[in-house]
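One structure below.
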Amino acid sequence: MRKPIIAGNWKMYKTLAEAEDFVAKLKEKQVDHNKVETVICAPALFLNQLVQASKGTFISIGAQTMHEEKEGAFTGEISGHQLQDLGVNYVVIGHSERRQYFNETDDAVNKKVQAAFDYQLTPIICVGETLEQREQNETENIVSNQVMAALEGVSEENVKNSIIAYEPIWAIGTGKTATADDANDVCQAIRETILDGFGEEVASSVRIQYGGSVNPGNIEELLSKEHIDGALVGGASLQVESFVKLLEVAENV
Ligand SMILES: O=C[C@H](O)COP(=O)(O)O
């Protein structure tokens, strides 16, 4: 049984005061850490404060990207070493917005995934197709290639501990969700790709999230599917009330 993981991706939203208020309210809720893993991927500016505020609670803190080098002359970047030093536990890698707006390639994603493990960070590796690719029936091919490229050279043990987030690009922030069956089919294809590359034990352990307009109204059906082990959530993670509803559903699947 894979433990569900719900990760909020706040993207470039919230001030420090809003972020602290959110975590203060969230940690008052009774969420069973044994039943659901809860992650907030916050802007880098607030990571330190949020790590401190969530210590000893069910909440883990993640970053939204990282640089693959330990340190160096890379103005504006943040390394895995620095995230580890703060006490951050997760990092989103290869989000489609990073791929689209910041030219993050499959090769860069692979280097970042490897670097994340060097600093004991759990990568949430994002993959997904465009609407055009879906219409041309390219989805499974595109997504499987992204997964294999991201995991090239990564040890079986580390692949097992990776989180893969399947996010069809056309469903992000648009209110259009893939049907639960379609999302499950792609997540199954991802698991089969991992089975081919890394074997049965790894494939049955790795957790695969769905992302793209997840909300309290559709989470239950998504999580009821065999190959969907959680969600990477943008918009619905910005309000404590809607985020908690997602966690409550995940606790009971
Ligand atoms: O990382 C999260 C995804 O981009 C989904 O965003 P969304 O829930 O606002 O569609």
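Keep in mind it's a predicted model, so treat the numbers as computed, not measured. Quick note: numbers below take in every heavy atom, side chains included, and nothing from hydrogens, waters or symmetry partners. Sequential numbering from 1 along the given sequence is applied to the chain's residues. Every number for a ligand or one of its atoms is a count from 1 in the order of the listing.
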* **Protein residue, atom and distance nearest to atom 9 (O) of ligand 1, heavy-atom basis** => Gly235 N, 2.9 Å
* Asked: Nearest protein heavy atom to atom 2 (C) of ligand 1, by residue and atom, and its distance?
  -> Glu167 OE2, 3.1 Å
* Between Gln209 and Ile5, is there a donor-acceptor pair closer than 3.5 Å when you use the side chain of the first and the backbone of the second? -> yes
* Considering only heavy atoms of Gly212, which atoms of ligand 1 have at least one such atom less than 4.0 Å away? -> 5 (C), 10 (O)
* Structure fact -> Test side-chain contact (heavy atoms from CB on, under 4.5 Å), reference Met66, set Val91, Val92, Val113, output is Val91
* Any atoms of ligand 1 less than 4.0 Å from a non-hydrogen atom of Gly173? List them with their elements. => 7 (P), 9 (O), 10 (O)
* To do: Check the pair Glu248, Asn252 against side chain to side chain donor-acceptor pair (under 3.5 Å), reporting the backbone distance first and the verdict last.
  => CA-CA 7 Å; Glu248 286 169 354; Asn252 293 303; over 6 Å; no
* To do: With heavy atoms only and a cut-off of under 4.0 Å, state how Ala171 meets ligand 1: side chain, backbone, both or neither.
  => backbone
* Partner of Thr38 under side-chain contact (heavy atoms from CB on, under 4.5 Å), chosen from Ile6, Asp32, Val31 -> Val31
* Sub-3.5 Å donor-acceptor pair from the side chain of Tyr90 to the main-chain atoms of Ile163, do we have one? -> no
* Asked: So, Trp10 versus Phe46, ring centres under 6.0 angstrom or not?
  -> no
* **Nitrogen or oxygen atoms of Glu97 and ligand 1 under 3.5 Å apart** => no
* With only distance considered, is Thr174 within less than 3.5 Å of ligand 1 through an N or O on each side? -> no
* **side chain to side chain donor-acceptor pair (under 3.5 Å) between Gln82 and His67, intermediate numbers included** => CA-CA 10 Å; Gln82 292 168 320; His67 194 277; over 6 Å; no
* Leu232: numbered ligand 1 atoms lying under 4.0 Å from its heavy atoms -> 1 (O), 2 (C)
* Which of the numbered atoms in ligand 1 are below 4.0 angstrom from a heavy atom of Gly234? -> 2 (C), 5 (C), 6 (O), 7 (P), 8 (O), 9 (O)
* Asked: Heavy-atom contact under 4.0 Å between Ser213 and ligand 1?
  -> yes
* To do: Pick one of side chain, backbone, both or neither for how Asn9 approaches ligand 1, counting any non-hydrogen atom pair under 4.0 Å.
  => side chain
